[in-house]
Amino acid sequence: QPIALLLGRKGISIENVDEKISIKDVTLLGGTSLENVKAAFNTHDVAIVIMGAGIDLNKRIEIVEYIFNTSKSTTVHMKDWNSGPQGMTPFIDRILNGLLD
């Protein structure tokens with residue numbers, strides 16, 4: 001079962017996302033920071049990272065740099081700013097459907 005790490009400035013309610021997405025054969029992890037990303041990569045084989053636009057740009061760049069230096073198979077997806085916080089769950093669903101369906 002693939003593992004997806006969901007990152008948001010204030011965190012993401014994994015339970016809420018899990019209820020609303022159509023893909024069910026995926027393990028969802030959550031986080032807000034580079035430290036959370038490192039912890040997830042140290043304990044899991046993370047296949048997909050989906051990141052919200054609210055995380056500071058410099059922090060997002062550090063996160064992406066860490067992921068690409070750590071894994072040759074993880075994909076990284078960054079949500080746009082304009083769709084707002086309410087656009088995160090639909091974005092997650094579209095990404096997971098595109099990659100896993």
Side-chain angles (χ1 to χ4, degrees):
Q1 186 163 329
I3 297 174
L5 176 59
L6 311 179
L7 301 171
R9 182 175 54 91
K10 295 181 179 180
I12 295 173
S13 169
I14 298 302
E15 296 79 22
N16 188 36
V17 170
D18 192 43
E19 289 175 2
K20 294 180 180 175
I21 60 173
S22 56
I23 295 286
K24 298 302 178 190
D25 191 26
V26 62
T27 298
L28 302 177
L29 305 175
T32 61
S33 67
L34 178 58
E35 292 73 26
N36 297 145
V37 173
K38 288 179 179 180
F41 273 75
N42 284 333
T43 57
H44 297 89
D45 184 17
V46 178
I48 303 161
V49 176
I50 302 174
M51 197 177 327
I55 297 173
D56 175 74
L57 178 59
N58 290 327
K59 291 179 181 178
R60 283 188 284 159
I61 292 169
E62 288 177 1
I63 290 168
V64 170
E65 182 177 38
Y66 173 81
I67 293 167
F68 289 158
N69 284 327
T70 302
S71 172
K72 302 291 185 222
S73 61
T74 303
T75 62
V76 177
H77 309 271
M78 291 193 252
K79 191 183 89 48
D80 69 293
W81 182 266
N82 287 342
S83 64
Q86 67 277 7
M88 188 64 174
T89 300
F91 180 71
I92 292 167
D93 193 46
R94 287 191 303 273
I95 294 297
L96 295 178
N97 270 291
L99 293 174
L100 304 176
D101 193 23

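Start at 1 with the first residue, then count along the sequence.
- Linking Ile, Leu, Val, Met, Phe, Trp and Tyr whenever their side-chain heavy atoms come within less than 4.5 Å puts Ile55 and Val46 in one cluster.
- In the displayed structure, Lys10 atom NZ is contacted under 6.0 Å by at most 12 heavy atoms of other residues, nucleotides or ligands.
- Under the 4.5 Å side-chain heavy-atom criterion for grouping Ile, Leu, Val, Met, Phe, Trp and Tyr, Val37 is not connected to Ile61 through any hydrophobic cluster.
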Practice item. Show your reasoning for whether side-chain contact (heavy atoms from CB on, under 4.5 Å) applies to Thr43 and Leu29. Key: CA-CA 11 Å; Thr43 57; Leu29 305 175; 6.0 Å; no
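- Side-chain N or O atoms of Asp45 include none that pairs as donor or acceptor with a backbone N or O of Ile3 at under 3.5 Å.
- With contacts defined as side-chain heavy-atom distances shorter than 4.5 Å, the pair Ser83/Phe91 does not qualify.
- A distance-only check finds a donor-acceptor pair linking the side chain of Asn36 to the backbone of Thr32 [under 3.5 Å].
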Applying side-chain contact (heavy atoms from CB on, under 4.5 Å) to Val76 and Ile63, what does each step give before you reach the verdict? CA-CA 10 Å; Val76 177; Ile63 290 168; over 6 Å; no
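- In this structure, Ala53 and Lys79 approach most closely via the heavy-atom pair CB-O, 3.4 Å.
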Could you walk me through whether Thr74 and Leu5 pass the side-chain contact (heavy atoms from CB on, under 4.5 Å) test, one step at a time?
CA-CA 10 Å; Thr74 303; Leu5 176 59; over 6 Å; no
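- How far CG of Leu99 is from OG1 of Thr75: 5.0 Å, rounded to the nearest 0.5 Å.
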- Query: Taking it one step at a time, do Asn16 and Thr89 satisfy side chain to side chain donor-acceptor pair (under 3.5 Å)?
  - Reply: CA-CA 9 Å; Asn16 188 36; Thr89 300; 5.0 Å; no
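- Looking at heavy atoms from C-beta onward, Leu96 lies in side-chain contact with Ile50 at the 4.5 angstrom threshold.
- Cluster annotation: Ile12 is connected to Ile23 through the hydrophobic network of ILVMFWY side chains, with a link wherever side-chain heavy atoms come within less than 4.5 Å.
- In terms of heavy atoms, Met88 sits closest to Met51 at CE-C, 3.9 Å.
- Rounding to the nearest 0.5 Å places CD of Glu62 at 8.5 Å from CG of Asp56.
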**Request:** List the steps, then state whether side-chain contact (heavy atoms from CB on, under 4.5 Å) holds for Asp25 with Leu100.
**Result:** CA-CA 9 Å; Asp25 191 26; Leu100 304 176; over 6 Å; no
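- Remark: Ile67 CD1 to Ser73 OG distance equals 11.5 Å, nearest 0.5 Å.
- Put simply, CD1 on Ile48 and CG on Leu28 are 9.5 Å apart, with the number rounded to the nearest 0.5 Å.
- Lys38 places no side-chain N or O within donor-acceptor distance of the main-chain N or O of Ser33, the cut-off being under 3.5 Å.
- Atom CD1 of Ile14 sits about 7.5 Å away from atom CD1 of Ile92, to the nearest 0.5 Å.
- Hydrophobic clustering, with ILVMFWY side chains joined whenever heavy atoms are under 4.5 angstrom apart, keeps Ile95 apart from Met78.
- Here Asn69 contributes atom CG and Lys72 contributes atom NZ; the two are 7.0 Å apart, rounded to the nearest 0.5 Å.
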